[in-house]
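Chain identifiers are assigned alphabetically (A, B, ...) following the order of the sequence lines, protein sequences preceding nucleic acid strands; residue numbering begins at 1 within each chain. Everything quoted here is computed from the prediction, not taken from an experiment.
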Amino acid sequence: MAQHQALADLNLSNFAVEYADVRIEESTETWIVFKNGQQLELHEVPIKGALLRVYHKGRWHEAATTNIDGLSQELSQLVRRALGSSPGIGKDLFKREPRTHDFSTYHRNNCTYASLEQKSQFCRSLLGIVGDFTEIVDWSLVYADLYKRKWFKAKDGVEFYADYNQAGVCLRYSLKRGDQLFDDVSSVWFMNPTGQEEKTNQKIRKEIQESLLFLGAEGVTAGKYQVLLSPEVTGVFAHESFGHRSESDFMLGDTAMLREWRIGKVVASPLVSIVDEGDAGETSGYCPIDDEGNRKQKTYLIKNGKLAGRLHGVSTALALGEASTGNGRAVNFEFGPIVRMTNTYLDPGVQSVAEVIVGIKKGIYIKTFKHGMGMSTFTIAPGKAYWIENGEITRPVKVSVISGSVFETLMNISGVANDFEIKSSALGGCGKFEQFPLPVSYGGPSILVDSMQVS
Amino acid sequence: MKDVFVWQEDSFTIDFSANEITNARSRNIIKKVARVFEDGKQMTQAAIGDCASEILWQQCLQNYHLALPAMVDVPRISSQSFQHQSKPPTTTSFEKQIGELLAKFSKDHPDFIAQGKFSLQNLKRAYTQDSGGTLCATATSTNGYLCLKYKDSGNIIDHVIEIGGDATVNIDSIAQNYSDFLDGWTKEATLKQGKKNVCFVSETSGLLAKLAQALNPETYHAGASLFSNKIGTPIFHEQFTLLDVAVDPQNGVYRPFDDEGILCPCVSRKIIANGIFSGPLYDLRTAKKFHTTSTGNAHRYPIPQGIIAVTPNSLDFSAGRKSIREYWHELGEVIVVLMAGGGDTTADGNFSTPAQLAFLVKDGKVRGRLPQITLCGNICNYLGEDFIGISNDRMNPGSQRAPFMKLDVLLN
């Protein structure tokens, strides 16, 4: 294991800095792309690089490199830079017990067990779908997978090995009938394409059939509506609305906000509990240990409507005098870890969806989404949306965006169903600052919000 | 025929949080993608990390049994070198500039907290064919952003100021253009719903997203673009001209050739000229498919493992006759949008976006910050009969010229 050896050869205790760590990553990505019947890409990409970090006199120093054979020199150079720099304002780092973790989770089932030829055949097995729908006028099919291995070693004796795997396929299509247009997407996530043909084929066909209903659908009249969010949209709402707000780097330097954001404060309807949990089975947000060598904790952000916790990497935990929750993550070796979510979800309730919507005279059901964003207001651009009329989900409706103030919306949640699901994705992910796409997952049950801006 | 594209990045970045520098990082990354064209077939192999071109070409040939039919006729190139000369500061003076910016910002705007990063980036892009021809472009750029948060606002970010330019960008002055807004932060303005004059000074991505999508040649020729069958037809206001800019290093754009080694035929291409659509963009594959020539718009994303797709280099608007502030004076009342993220446009052209940060400007003066609002309109209207004009200046290097238009305002 060459990378393991490269780390073993580095004696970090030789460096006269407070702390140093090295993270080597070795990945294989596969990309297969078809566009309107033509295959555009079919290749596997080996990726190898390392991020080196030094903490000295209250300031971090980092170097990203693809020069794995020269790590010792790279680290020496980084240490020299750190020793010559002016001091920062960071506090002394937490002391950790030396420990070696092994999270080799996917070594028996990952996407590298399928050959490039098998992956190509899997994609070709899906191409017939498009020909069966004359309304599809423009389409692309993208298969992507990633198998990543990380080796980490820190000066304080913490070391880990972890692997990560995801694979998936996504069909984007434009439907046209007369002058009516509708764009939509269907995607499937799995560990390995082997044996996934039938299930994937059925799911995509079903979703295209449903998309056809939106050709000629009326546009919504902008205004405020009662809105039912499906499990995947609830998940993206939890991620965008409150998950990002719980990333504690946004609180640094704001003492007033820290006072305001005291644990136990009521921030949502009592029906709401939001969790970030990276170690909960096979999801695209799987992350049992972060890129700083800290175990991911199951973290309640909101419990029964009350503020219950926030997400930390080492720097934010130090600055705010709290413990790391193991959320220091980097999108890849080119970047240093920052506070990021993993698998974020809203806990399920006890009612069925039918019970939740029974009293709605006219509302909107958001079933899928194209993208979401969370700041002072959160926004979600729906894919498929439907009218809710007299307690039933009825006709398709075209909606550009739903948006709302985070806190008003959290308070306005009046129904939480029991149809809990987690949504994973191999294409796309979460973006924060310059780091995109970080694999995350999100989910929850269907939830009812009493008033949201729909336009 | 064989070719290889190399991206070599050498950069230095300063991160800051809570108005203090927290991190200095360097990046030395090399990325490559190689292709082999043989017997009417093509093979691709990419790598992150230094790997000899010959090895990548060998790996291409090892996958000969999976080769795809050749989709492009790659033109032979002659060697050319492009370099944007701008003397970068040393890393020490760069860090000092950022320290001074943060100190000045803390003093001038004590109610705000800044976090963000600024980078000095030296990027070399080189495209080589096995016949010996090489295109090489090197430019040093400065880019970064300042995320501002008003203390105790309850928001995670209240404002983002982004810059992108060459190495001469004066970082310590970037907040100055926004001082009217930062000073007027605590004044709350009120507004009634209805159609209003709106100006986007620093966030036009939502407005431009549908235009970018509509320029895709496959979408266009499939009849699924807003502009399908409209070449030569007036589609927007006669004073509206949309540019695809390939070379403008002062605003952070430097792509004298695209990711297929096609020289960009002009520094900036008029996609919509005085309201008339001139045609979609093409790479080599789509140009061959639709019997035309590449416009030099092949972009590989993500680099290097992603695919070649047709993408605008950098969309901008042709300069109008007045500055942003002259428009503010002339229009009497304008909603100035500084942050409007997360919006979307339906296939029918209906655009809607929340404005996370907007101010009411009356007679050229900032009157106060508006509550959260939603802005709506159909693209054919707000760039047609409801279009007002484009500024001839920018808020910062790297931002687009500011479009002015009438949009429906909904109070959230």
Let me know if [X] has heavy atoms under 4.5 Å from chain A in its side chain, its backbone, both or neither.
X	result
B:Q8	neither
B:E218	both
B:H221	neither
B:K149	side chain
B:I30	both
B:C147	side chain
B:L68	side chain
B:I14	neither
B:T345	backbone
B:I21	both
B:Q305	both
B:Q59	neither

Is the [X]-[Y] ring centre distance short of 6.0 angstrom?
X	Y	answer
B:F112	B:W185	yes
B:Y145	A:F433	yes
B:F290	B:Y220	no

Between [options], which shows the greatest number of heavy-atom pairs under 4.5 Å with chain A?
options	result
B:G223, B:C376, B:C51	B:G223
B:K151, B:E95, B:M71	B:M71
B:A24, B:A18, B:A222	B:A24
B:G342, B:G49, B:S26	B:S26
B:K289, B:E9, B:K31	B:K31
B:D50, B:T374, B:I308	B:T374

Considering only heavy atoms, which portion of [X] lies under 4.5 Å from any heavy atom of chain B: side chain, backbone, both, or neither?
X	result
A:F333	side chain
A:E29	side chain
A:R53	neither
A:S403	side chain
A:H61	both
A:S86	side chain
A:S174	side chain
A:E334	both
A:L116	both
A:E44	backbone

Backbone of [Y] reached by a side-chain donor or acceptor of [X] within 3.5 Å:
X	Y	value
B:N378	B:D348	yes
A:S248	A:L311	yes
A:S120	A:E117	no

Quiz item: What do the steps show when you test B:L375 against B:D408 for side-chain contact (heavy atoms from CB on, under 4.5 Å), and what is the final call?
Solution: CA-CA 6 Å; B:L375 302 168; B:D408 285 316; over 6 Å; no

I need the residue from [options] with the largest number of non-hydrogen atom pairs under 4.5 Å to chain B.
options	result
A:V137, A:D249, A:D179	A:V137
A:I380, A:L258, A:L52, A:N36	A:N36
A:K176, A:K35, A:E247, A:H244	A:K35
A:V54, A:D183, A:L40, A:L181	A:L40
A:S455, A:G253, A:A64	A:A64
A:P46, A:A63, A:G88	A:P46

Please tell me whether [X] and [Y] have a donor and an acceptor in their side chains that are separated by less than 3.5 angstrom.
X	Y	result
A:T30	A:K119	yes
A:T65	A:E74	yes
A:K432	A:Q435	no
A:D138	B:T219	yes
B:D158	B:S153	yes
B:S119	B:K117	yes
A:S315	A:W60	yes

Quiz item: Are more than 12 heavy atoms from other residues, nucleotides or ligands located less than 6.0 Å from atom NZ of B:K96?
Solution: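 No - once you tally the heavy atoms of other residues, nucleotides and ligands closer than 6.0 Å, there are 12 at most.
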
Quiz item: Just wondering, are more than 12 heavy atoms of other shown residues or ligands nearer than 6.0 Å to CZ in A:R81?
Solution: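 Check passes, neighbour count above 12.
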
Quiz item: Measuring from B:T44:OG1 to A:W31:CH2, what's the distance to the nearest 0.5 Å?
Solution: 13.5 Å

Self-check item: Nearest-0.5 Å distance that lies between atom CG in A:L78 and atom NE2 in A:H56
Solution: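 Going from CG on A:L78 over to NE2 on A:H56, the span is 11.5 Å.
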
Quiz item: Do A:K48 and A:E25 pass the side-chain contact (heavy atoms from CB on, under 4.5 Å) test, and can you show the C-alpha distance, the side-chain angles, and the key distance before you say yes or no?
Solution: CA-CA 6 Å; A:K48 198 190 293 184; A:E25 293 185 2; over 6 Å; no

